[in-house]
Asks: 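Starting off with a structure, shown below.
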Amino acid sequence: MTTLPQISLAKLSSDATRREEQQRLCTACEEYGFFYLVEHGIPKEQITEAIDASRRFFALPLAMKERYGHAFQNVHPTTARGYSPLHGEMLHPEAGPDPKEMFDLGIENESDRRPFAGLTRLPDDALAPGFARSLLALQATVLNGVVPQLGNALADLLDMEKGWFQRHFSPPTVLQRVIRYPSTGGAAAKHTDNGFFTLLLQEELPTRSLQVWFHERWIPAPSLPDSLVVNLGDMLQALSDNRFKSTPHQVVHSGPAERISLPFFIYPDIDARLTSRQGKHTFGVADMMLRNYESIWEKGNGAGRARELL
């Protein structure tokens, strides 16, 4: 592999090209677990606005950012929302805490008191101009324009019954994250994502910071203009009866400029209980998500299948 496969969301959404593009998507899921999503319909200026606003937020003094930390978030678990400073999260125990800082939010619904739901305490425009507004606008575009089309295509590949994706992802559980990797030393240790799939929006930098585990070695995944990076999660691997790959990955950022990433971790509805097509795997979404957060934030065992990655 010299680069990841490219999948067109526009072709997946068109009757004339859907079948051929779904075959290409199937190959990407079975062989790589990672691919670039092109022709996705998200305006470039909307991504740029969110990145610029995020950079302004992270440039604030630490004491100001910490007002929006986990301790001030009225959600469960508290670590699912708000600001986390440098070395606040550990994705792999051997690597230790990651040199990155981040801010988490989700679908904002004050009346929803289920795990990973509720209302994020976000900075206002006076403190962080455009931060909350641009991130929530980007969330709306992703959830309305990308997630349903890609999710339905993946459900078709799983040979699930008609309407399966709508039934179990209305609404989805969304962990939206903004990450700042410092120049010459930012990192996210090796791990797998434990959801259904992840969409990564990122700056188009010459440094090839994202690395994907493929054929027993780390392969760089450079930024491709006008694309998103998609990787499959542990839930999707289980639902495919291990036919699709939840591929380990890491970030090693050594460039002269900081790197801003905007991942969206997409999960089914938090109350869903799902069974794979062949019946080999059954899991509750809330249970699996809470165990993963406990592994990261309480037990120090890392994210996803991190302990399996030596």
Side-chain angles (χ1 to χ4, degrees), residues 1-9 12 21-22 24-38 40 42 47 89 91-92 98 100 102 104 142-143 146-147 149-151 153-155 157-158 165 169 172-179 181 187-203 208-224 227-240 242-253 259 261-268 288-289 292 296 302-306 308-309:
M1 179 179 71
T2 56
T3 187
L4 301 175
Q6 294 184 34
I7 302 298
S8 166
L9 189 64
L12 284 175
E21 200 66 8
Q22 278 197 321
R24 299 182 69 252
L25 176 62
C26 186
T27 299
C29 292
E30 290 179 345
E31 296 186 6
Y32 300 90
F34 261 84
F35 54 89
Y36 293 109
L37 190 68
V38 299
H40 48 71
I42 303 175
I47 299 172
E89 181 184 55
L91 293 181
H92 196 287
D98 292 339
K100 67 179 191 287
M102 57 195 193
D104 290 324
V142 167
L143 293 187
V146 179
V147 171
Q149 288 84 345
L150 182 57
L154 291 168
L157 294 181
L158 294 173
F165 185 81
F169 288 79
T173 305
V174 177
L175 305 181
Q176 179 181 354
R177 175 168 285 189
V178 188
I179 308 173
Y181 296 98
K190 55 188 175 182
H191 65 285
T192 62
D193 294 348
N194 96 311
F196 196 66
F197 62 81
T198 302
L199 301 169
L200 174 64
L201 293 70
Q202 58 184 331
E203 294 186 276
R208 302 190 295 176
S209 303
L210 176 63
Q211 300 178 359
V212 178
W213 187 248
F214 186 75
H215 286 180
E216 303 301 314
R217 62 192 182 106
W218 292 107
I219 302 295
S223 300
L224 186 69
S227 73
L228 316 180
V229 176
V230 179
N231 65 279
L232 311 185
D234 296 342
M235 288 186 183
L236 183 49
Q237 178 171 309
L239 289 168
S240 74
N242 298 322
R243 185 163 59 97
F244 296 164
K245 296 181 182 298
S246 173
T247 304
H249 51 284
Q250 63 183 12
V251 173
V252 180
H253 182 59
R259 176 179 185 259
S261 294
L262 305 171
F264 287 78
F265 303 93
I266 307 300
Y267 295 79
M288 192 165 174
M289 291 182 70
N292 190 55
I296 297 169
R305 304 194 319 278
E308 300 174 18
L309 312 174

Asks: Where do Q202 and S261 come nearest, in terms of heavy atoms and distance?
Replies: CB-OG, 4.2 Å

Asks: Can you measure from CZ (F196) to CG (L236) and round to the nearest 0.5 angstrom?
Replies: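 Interatomic distance, F196 CZ to L236 CG, rounded to 0.5 Å: 4.5 Å.
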
Asks: Measuring from S246:OG to H191:NE2, what's the distance to the nearest 0.5 Å?
Replies: 9.0 Å

Asks: Are side-chain heavy atoms of F264 and L143 found at a separation under 4.5 Å?
Replies: no

Asks: Between S209 and V251 (side chain of the first, backbone of the second, donor and acceptor by atom type, cut-off under 3.5 Å), is there such a pair?
Replies: no

Asks: Can you tell me how far the CD1 atom of I47 sits from the NE2 atom of H40, to the nearest 0.5 Å?
Replies: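 So the gap between those two atoms works out to 5.0 Å.
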
Asks: Give the intermediate values and the outcome of side-chain contact (heavy atoms from CB on, under 4.5 Å) for residues M289 and L175.
Replies: CA-CA 11 Å; M289 291 182 70; L175 305 181; 4.1 Å; yes

Asks: Carefully, step by step, assess K190 and L91 under the rule side-chain contact (heavy atoms from CB on, under 4.5 Å).
Replies: CA-CA 7 Å; K190 55 188 175 182; L91 293 181; over 6 Å; no

Asks: To check you understand the geometry: which heavy-atom pair defines the closest contact between I42 and V142, and what is its length?
Replies: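 For I42 versus V142, the nearest heavy atoms are CD1-CG2, 3.8 Å.
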
Asks: Could you tell me whether the side chain of F35 reaches within less than 4.5 Å of the side chain of Q6, counting heavy atoms only?
Replies: no

Asks: Mind checking the SG-CD1 spacing from C26 to I7? Nearest 0.5 Å is all I need.
Replies: 10.0 Å

Asks: Would a 4.5 Å heavy-atom cut-off, applied to side chains only, mark Q237 and L232 as touching?
Replies: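 Of all side-chain heavy-atom pairs linking L232 with Q237, none is under 4.5 Å.
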
Asks: How long is the gap from CG on L262 to CE on M102, to the nearest 0.5 Å?
Replies: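 That separation rounds to 14.0 Å.
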
Asks: Please walk me through it: do Y267 and N194 pass side-chain contact (heavy atoms from CB on, under 4.5 Å)?
Replies: CA-CA 9 Å; Y267 295 79; N194 96 311; 2.7 Å; yes

Asks: Please name all residues satisfying salt bridge (charged side-chain N to carboxylate O under 4.0 Å, His left out) with R177, sequence neighbours left out, ordered by chain then number.
Replies: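 Residues passing salt bridge (charged side-chain N to carboxylate O under 4.0 Å, His left out) with R177: E89, D104.
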
Asks: Heavy-atom distance under 4.5 Å between the side chains of F165 and L154, does that happen here?
Replies: no

Asks: Going by the rule salt bridge (charged side-chain N to carboxylate O under 4.0 Å, His left out), which residues pair with E31 if we only count those two or more places apart in sequence or in a different chain?
Replies: none

Asks: Taking all atoms of both residues into account, what is the closest heavy-atom pair of S8 and E21, and its distance?
Replies: N-OE2, 2.8 Å

Asks: Does T173 use its side chain to pair, donor to acceptor, with the backbone of P268 at less than 3.5 Å?
Replies: yes

Asks: Can V174 and I266 be said to form a side-chain contact (heavy atoms from CB on, under 4.5 Å), step by step?
Replies: CA-CA 5 Å; V174 177; I266 307 300; 4.2 Å; yes

Asks: At their closest point, which heavy atom of I296 faces which heavy atom of G302, and how far apart are they?
Replies: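 In terms of heavy atoms, the two residues are closest at CG1-O, 3.5 Å.
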
Asks: Closest approach of Y36 and A221, non-hydrogen atoms and distance?
Replies: OH-C, 3.6 Å

Asks: Run the salt bridge (charged side-chain N to carboxylate O under 4.0 Å, His left out) test against D98 and tell me which residues pass, sequence neighbours left out.
Replies: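 Once residues adjacent in sequence are excluded, the partners of D98 under the salt bridge (charged side-chain N to carboxylate O under 4.0 Å, His left out) criterion are K100.
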
Asks: Where is the tightest heavy-atom contact between P248 and W218, given as atom of each residue plus distance?
Replies: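 Scanning both residues, the minimum pair turns out to be O-CZ3, 3.8 Å.
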
Asks: Under the side-chain contact (heavy atoms from CB on, under 4.5 Å) test against F197, which residue among L150, L37, N231 passes?
Replies: L150

Asks: Taking side-chain contact (heavy atoms from CB on, under 4.5 Å) as the criterion, tell me which of T198, L210, V212 meets it with V229.
Replies: L210

Asks: What's the spacing between F214 CZ and F34 CZ if we round to 0.5 Å?
Replies: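 F214 atom CZ to F34 atom CZ measures 12.0 Å (nearest 0.5 Å).
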
Asks: Do Q211 and V252 have side chains that approach each other closer than 4.5 Å (heavy atoms only, starting at C-beta)?
Replies: yes

